[in-house]
*Asks:* 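Encoded as structure tokens, here's the structure I'll be asking about.
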Amino acid sequence: MTSKSVTKAKANCCRARFTTKFVRELLKIRNSRLSCLGSVEEIRKCSLRIKKAAYSSMAHAVGSRRAWSKAVLFKLRNRARCQGLMKTNSSIYLAAKKKVSNKRRKVVIGDGEVSQVNKLRQLVPGGKSMDICRLLEETTHYVKCLSVQVKVMKSFVDHFSKNDGTHI
């Protein structure tokens, strides 16, 4: 196998894991008491749940290999814990409390590039604690995963709009 075919196989596997997890989360949303058809507030809550499901599904599909997925999962767990949706397990709590501190390497760059790097750090989950090289690696992976999310969601919309007879 060539390196291109291995990379493509990994991408398809990640896409399949994301799709499976995302469909499960969408089914949970559909089966919950929350109605996506109704008041503006109900629609807003439903769209937020779908957004969380998409981020959670992608982070779970990638696993804890990437810093951005660890940051997303940590943020979701903390939100769930604060809302009382998740039982606090002592081992999960201790693992989440441990922080691996990444010391930033001092790199001499111009003022304009510093502001752009800081903007990038704000966009990528977990980017605040990374050096520039690691930040760029994580950013490329994060963007690839976001594009997979878009493709999967677009295929859902295309599939369901064909079945309903409506076109978006």
Side-chain angles (χ1 to χ4, degrees), residues 3-29 44-83 85-157:
S3 64
K4 275 189 174 182
S5 61
V6 170
T7 305
K8 198 170 190 176
K10 283 182 183 179
N12 287 338
C13 182
C14 184
R15 183 178 181 164
R17 284 192 308 249
F18 165 71
T19 305
T20 304
K21 178 87 172 141
F22 187 57
V23 168
R24 283 185 192 147
E25 293 296 321
L26 289 176
L27 289 173
K28 284 181 189 177
I29 292 170
R44 187 187 69 77
K45 284 181 182 178
C46 189
S47 66
L48 285 175
R49 285 193 64 186
I50 293 170
K51 182 180 173 182
K52 280 186 199 176
Y55 278 118
S56 171
S57 300
M58 185 51 73
H60 280 287
V62 171
S64 60
R65 296 175 300 207
R66 294 291 183 171
W68 70 263
S69 63
K70 285 181 192 176
V72 168
L73 292 171
F74 183 74
K75 187 176 183 178
L76 291 172
R77 282 188 196 118
N78 277 345
R79 281 187 183 167
R81 192 174 294 133
C82 290
Q83 294 171 353
L85 298 175
M86 184 174 156
K87 306 275 189 250
T88 29
N89 191 352
S90 61
S91 62
I92 293 173
Y93 180 72
L94 291 175
K97 207 168 182 186
K98 287 182 183 177
K99 287 188 178 180
V100 178
S101 64
N102 293 333
K103 294 182 181 179
R104 292 186 195 172
R105 284 189 249 165
K106 294 195 176 190
V107 179
V108 179
I109 52 178
D111 290 338
E113 287 135 4
V114 170
S115 64
Q116 290 178 347
V117 168
N118 288 335
K119 287 179 186 177
L120 189 60
R121 281 196 170 109
Q122 291 173 352
L123 291 175
V124 177
K128 292 177 184 167
S129 63
M130 292 181 217
D131 63 30
I132 294 173
C133 295
R134 177 74 191 255
L135 178 67
L136 294 174
E137 281 180 24
E138 291 292 325
T139 303
T140 56
H141 191 266
Y142 183 60
V143 169
K144 286 178 186 177
C145 289
L146 289 176
S147 68
V148 167
Q149 272 187 4
V150 169
K151 288 176 186 173
V152 168
M153 290 179 176
K154 186 175 179 342
S155 67
F156 284 165
V157 169

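These numbers come from the heavy atoms of this one structure, side chains and all, not from hydrogens, waters or symmetry mates.
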*Asks:* How would you list, by chain and number, every residue that makes a side chain to side chain contact (heavy atoms under 4.5 Å, CB included) with Leu123, sequence neighbours excluded?
*Replies:*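 Scan of Leu123 (side chain to side chain contact (heavy atoms under 4.5 Å, CB included), adjacent residues dropped) gives none.
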*Asks:* Measure across Ala71 and Pro125 and return the closest heavy-atom pair with its distance rounded to 0.1 Å.
*Replies:*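 For Ala71 and Pro125, the tightest heavy-atom pair comes out as CB-C, 3.6 Å.
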*Asks:* Could you pull out all residues at least two apart from Ala61 that satisfy side chain to side chain contact (heavy atoms under 4.5 Å, CB included)?
*Replies:*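 So Ala61 forms a side chain to side chain contact (heavy atoms under 4.5 Å, CB included) with Cys14, Arg17, Phe18.
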*Asks:* Rounded to the nearest 0.5 Å, how far does CG of Leu135 lie from CG of Asn118?
*Replies:*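 So the CG of Asn118 and the CG of Leu135 are separated by 9.5 Å.
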*Asks:* Name every donor-acceptor pair, under 3.5 Å, that has one atom in a side chain of residues 146-157 and the other anywhere in the protein, sequence neighbours excluded.
*Replies:*
from	atom 1	to	atom 2	distance (Å)
Ser147	OG	Lys144	O	2.6
Gln149	NE2	Ala54	O	3.0
Lys154	NZ	Asp158	OD2	3.3
Ser155	OG	Lys151	O	3.4
Ser155	OG	Val152	O	2.6

*Asks:* Step by step, work out the side-chain contact (heavy atoms from CB on, under 4.5 Å) result for Ile50 and Phe22.
*Replies:* CA-CA 9 Å; Ile50 293 170; Phe22 187 57; 4.3 Å; yes
*Asks:* Under the rule for salt bridge (charged side-chain N to carboxylate O under 4.0 Å, His left out), what residues qualify as partners of Lys21, not counting sequence neighbours?
*Replies:*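 Lys21 satisfies salt bridge (charged side-chain N to carboxylate O under 4.0 Å, His left out) with Glu25 once adjacent residues are dropped.
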*Asks:* Taking side chain as C-beta onward, heavy atoms only, is Ile29 less than 4.5 Å from Cys46?
*Replies:*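 The answer is yes, as the side chains (C-beta and beyond) meet within the 4.5 Å cut-off.
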*Asks:* Indicate the atoms forming the closest heavy-atom contact of Leu120 with Leu136, along with that distance.
*Replies:*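 For Leu120 versus Leu136, the nearest heavy atoms are CD2-CD2, 3.9 Å.
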*Asks:* From Leu26 CG over to Ser57 OG, what is the distance, rounded to the nearest 0.5 angstrom?
*Replies:*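 Between atom CG of Leu26 and atom OG of Ser57 there are 7.5 Å.
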*Asks:* Going by side-chain hydrogen bond (donor to acceptor under 3.5 Å, both in side chains), name the residues that satisfy it together with His141, two or more places apart in sequence or in a different chain.
*Replies:*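 For His141 the side-chain hydrogen bond (donor to acceptor under 3.5 Å, both in side chains) partners, ignoring immediate neighbours, are Trp68.
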*Asks:* Return the CD to CG distance between Glu137 and Asp131, rounded to the nearest 0.5 Å.
*Replies:*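 Rounded to the nearest 0.5 Å, the CD-CG separation comes out at 8.5 Å.
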*Asks:* Among all residues two or more places apart in sequence or in another chain, which pass the side-chain hydrogen bond (donor to acceptor under 3.5 Å, both in side chains) test with Lys28?
*Replies:*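 With neighbours one apart ignored, the set is empty.
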*Asks:* As an exercise, state the distance from CG of Leu76 to NZ of Lys52, rounded to the nearest 0.5 Å.
*Replies:*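 Leu76 atom CG to Lys52 atom NZ measures 7.5 Å (nearest 0.5 Å).
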*Asks:* What pairs meet the salt bridge (Lys or Arg N to Asp or Glu O under 4.0 Å) rule with one or both residues in residues 58-67, with sequence neighbours excluded?
*Replies:*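 As it turns out, the salt bridge (Lys or Arg N to Asp or Glu O under 4.0 Å) pairs with a partner in residues 58-67, which skip direct neighbours, are Arg66-Glu138.
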*Asks:* Backbone N or O of Lys70 within a donor-acceptor pair of the Ser64 side chain at under 3.5 Å?
*Replies:*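 No: the side chain of Ser64 does not pair with the backbone of Lys70.
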*Asks:* Check Ala67 against Met130 and note the closest heavy-atom contact, atom names and distance.
*Replies:*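 It is CB-CE, 3.6 Å.
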